[in-house]
Undergrad: 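Right, I'll just put the structure down here and ask away after.
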2 protein chains.
Amino acid sequence: MARPPDFELEPDEIIDAALEILDEKGLDAVSMRSVSSRLGVSPVPLYNRIGNKDDLLDAVAKRLLADLAPPTDPGESWQDYSERWAHELRERLRRAPDSRLVLRTRRWAFTEASRPLVDAMRAAGFDADEAVRGCRMLMWATVGFVAIESGAVTEITSRPRRSRLAGGDPSGVSQTEADQLFSLQIRLLIEGIDREERAGRAPRPPR
Amino acid sequence: MARPPDFELEPDEIIDAALEILDEKGLDAVSMRSVSSRLGVSPVPLYNRIGNKDDLLDAVAKRLLADLAPPTDPGESWQDYSERWAHELRERLRRAPDSRLVLRTRRWAFTEASRPLVDAMRAAGFDADEAVRGCRMLMWATVGFVAIESGAVTEITSRPRRSRLAGGDPSGVSQTEADQLFSLQIRLLIEGIDREERAGRAPRPPR
DNA sequence: ACCTGAACACCGTTCAAGT
DNA sequence: ACCTGAACACCGTTCAAGT
């Protein structure tokens with residue numbers, strides 16, 4: 001537990017320690033005290049290096065959810081990419097060790113993940129505003145879906161053990177139903193974005 | 001603070017006290033201890049009457065988010081009702097004193113709120129599965145949107161004071177942009193549900 | 001039976017005192 | 001400067017002791 005005397009404590013080490021505790025014992029076991037004691041240090045250095053607990057959890061979420069967007073595949077239509085983007089984003093978010101961390105993903109991750117999709121839409125002829133709006137819609141739909149789906153619903157304050165009814169899920173929807181629901185939602189949104197864009201392109205769309 | 005000797009402590013009183021503290025000092029001030037001391041009682045009776053803290057917060061959310069669905073208006077198309085339903089649901093959820101409570105809304109509230117919409121869709125010719133799927137999609141889209149929008153994103157663990165940049169919002173989107181985004185999303189989903197239903201009705205839809 | 005007071009095992013955060 | 005130990009003001013939950 002003790003550290004060599006003039007060992008520099010890097011902020012990244014703090015996040016590493018927090019991630020270890022997160023994996024081993026869950027998010028509720030991640031505290032300023034548990035992290036600092038794993039590092040063989042009092043809590044004070046954490047305050048000096050990363051700020052308070054909120055900042056620590058933000059940093060953990062940031063580490064966990066970097067590089068969310070899948071790379072573009074040249075020759076792929078924006079529709080196909082959008083679909084793949086949304087599904088891979090969902091997978092990444094679901095893999096977070098605790099779904100509460102997903103809702104800590106803020107601007108930084110969202111704008112970062114949006115960039116390739118916005119670019120793909122612009123390349124397909126969308127103007128800047130349309131592309132941003134379309135991308136934002138898919139982003140919010142995906143993150144919102146995961147927030148509800150993966151037990152942000154049921155684990156906001158951890159109830160120590162909850163039966164989790166064997167493959168069941170928080171709102172009485174099976175996993176395959178949730179998958180279908182997500183696929184359908186994303187497909188409908190992409191089709192809608194497509195029609196909106198075509199309508200905007202026509203000189204004077206019929207109302 | 002002291003109570004008359006043989007006064008029955010009703011579970012509802014406990015929830016009342018919790019709601020008072022919620023309104024006055026915020027969700028983080030709602031604790032088993034603060035609620036029990038407001039009632040002039042030790043924490044133990046709360047455990048006997050409503051269970052642990054998780055159960056208490058569930059009960060608070062339940063009280064706060066009952067009767068979510070707006071009543072149907074006879075003569076209104078299922079599309080119009082869906083739109084109104086989604087918008088009013090969003091308003092109700094946004095009005096919760098703390099957005100973390102929204103994610104505690106579970107089956108009970110969702111199924112309750114779904115019923116009139118499912119009925120409206122069935123009355124319009126949807127078969128049972130289609131109606132449930134369509135309604136569920138709108139429900140998840142709405143709740144997910146509110147979860148992201150209204151600072152579930154930024155308030156999961158309360159940071160005491162955060163600047164909240166004057167009318168700004170958590171992900172760099174203005175309120176009117178968020179409103180437009182929500183309206184568009186709901187409209188696209190309703191149009192999509194409509195198209196899916198018509199396609200399913202045709203004897204053999206062209207692929 | 002059902003309450004209270006006290007206790008247990010924690011928290012986040014701050015601060016005086018040390019080096 | 002930057003650490004530690006101790007403290008402050010809390011938590012959720014349980015339990016022996018009282019009535």
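In what follows, chains carry the letters A, B, and so on, assigned in the order in which the sequence lines appear, proteins first and then strands, with residues in each chain numbered from 1. None of these values were measured; they are calculated from a predicted model.
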Undergrad: Check the pair A/Asp80, A/Arg84 against salt bridge (Lys or Arg N to Asp or Glu O under 4.0 Å), reporting the backbone distance first and the verdict last.
TA: CA-CA 6 Å; A/Asp80 288 348; A/Arg84 200 159 58 81; over 6 Å; no
Undergrad: Can you check whether A/Ser31 has a side-chain N or O nearer than 4.0 Å to OP1 or OP2 of C/dC10?
TA: no
Undergrad: Can you tell me how the ring of A/Phe182 sits relative to the ring of A/His87, calling it parallel under 30°, perpendicular over 60° and tilted otherwise?
TA: perpendicular
Undergrad: Taking the minimum atom-to-atom distance to the side chain of B/Asn52, which one of D/dC3, C/dC11, D/dT13 wins?
TA: D/dT13
Undergrad: Would you sort out whether B/Glu149 and B/Arg90 count as a side-chain contact (heavy atoms from CB on, under 4.5 Å), showing the intermediate values?
TA: CA-CA 10 Å; B/Glu149 164 184 46; B/Arg90 174 175 176 236; 2.5 Å; yes
Undergrad: Please determine, by modelled atom types, if B/Ser34 and B/Ser31 share a side-chain donor-acceptor pair under 3.5 angstrom.
TA: yes
Undergrad: Whole Å only: how far is the CD1 atom of B/Ile50 from the C1' atom of D/dG12?
TA: 12 Å
Undergrad: Rounded to whole angstroms, how far apart are NZ on B/Lys53 and P on D/dT13?
TA: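 B/Lys53 atom NZ is separated from D/dT13 atom P by 9 Å.
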Undergrad: Report the C-alpha separation of A/Thr105 and A/Phe110 in whole Å, then their side-chain angles, then the decisive distance to 0.1 Å, and conclude whether the side-chain contact (heavy atoms from CB on, under 4.5 Å) test is met.
TA: CA-CA 7 Å; A/Thr105 310; A/Phe110 290 164; 3.6 Å; yes
Undergrad: Assign each of A/Arg49 and A/Arg33 to its nearest nucleotide of DNA chain D by heavy atoms, then name whichever residue's nucleotide is nearer the 5' end.
TA: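 It is A/Arg49, whose closest nucleotide lies nearer the 5' terminus.
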Undergrad: Taking protein heavy atoms under 4.0 Å as touching, what does nucleotides 14-19 of chain D look like 5' to 3' if B marks base contact, S marks sugar-phosphate-only contact and - marks none?
TA: BB----
Undergrad: For a quick check of understanding: with a heavy-atom distance under 4.0 Å over all strands, which category does B/Ser42 fall into, base, sugar-phosphate or nothing?
TA: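 Base contact - B/Ser42 has a heavy atom under 4.0 Å of at least one base atom.
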Undergrad: Regarding A/Glu88 and A/Arg92, does a basic nitrogen lie under 4.0 Å from an acidic carboxylate oxygen?
TA: no
Undergrad: Give the C-alpha distance, both sets of side-chain angles, the deciding distance and a yes or no for side-chain contact (heavy atoms from CB on, under 4.5 Å) between B/Val146 and B/Leu89.
TA: CA-CA 10 Å; B/Val146 174; B/Leu89 187 58; over 6 Å; no
Undergrad: Between atom CG in B/Asp28 and atom C1' in C/dG12, what is the gap in whole Å?
TA: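 Distance, rounded to whole Å: 12 Å.
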Undergrad: When you measure from the side chain of A/Val41, which nucleotide among C/dA7, C/dT13, D/dT4 comes out closest?
TA: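 Selected nucleotide (nearest to the side chain): D/dT4.
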Undergrad: Within this structure, what is the CD-to-P distance between B/Glu10 and C/dC2, rounded to whole angstrom?
TA: 13 Å
Undergrad: Between C/dC2, D/dC3, D/dC11, which nucleotide gets closest to the side-chain atoms of B/Ser34?
TA: D/dC11
Undergrad: Calculate the interatomic distance between B/Asp54 atom CG and D/dC11 atom C1'; express it in whole Å.
TA: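 One finds 15 Å between C1' of D/dC11 and CG of B/Asp54, rounded.
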Undergrad: Taking atom P of C/dC3 as reference, at what distance in whole Å does atom CE of B/Met32 sit?
TA: 13 Å
Undergrad: Can you tell me which stems DNA chain D forms when a stem means 3 or more consecutive Watson-Crick or G-U pairs under 3.5 Å?
TA: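 Paired runs of 3+ in DNA chain D: C:4-8 with D:12-16, C:12-16 with D:4-8.
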Undergrad: ring-ring contact (aromatic ring centres under 6.0 Å, His included): which pairs involve residues 55-80 of chain B, sequence neighbours left out?
TA: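 ring-ring contact (aromatic ring centres under 6.0 Å, His included) check on residues 55-80 of chain B returns B/Trp78-B/Phe126.
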Undergrad: Take atom P in D/dA9 and the same atom in C/dA9, then report the distance between them in whole Å.
TA: 23 Å
Undergrad: Rounding to a whole Å, what distance do you find between A/Asn48:CG and D/dA1:P?
TA: 13 Å
Undergrad: Rounded to whole angstroms, how far apart are CD1 on A/Ile14 and P on D/dC3?
TA: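 Atom CD1 in A/Ile14 sits about 9 Å away from atom P in D/dC3.
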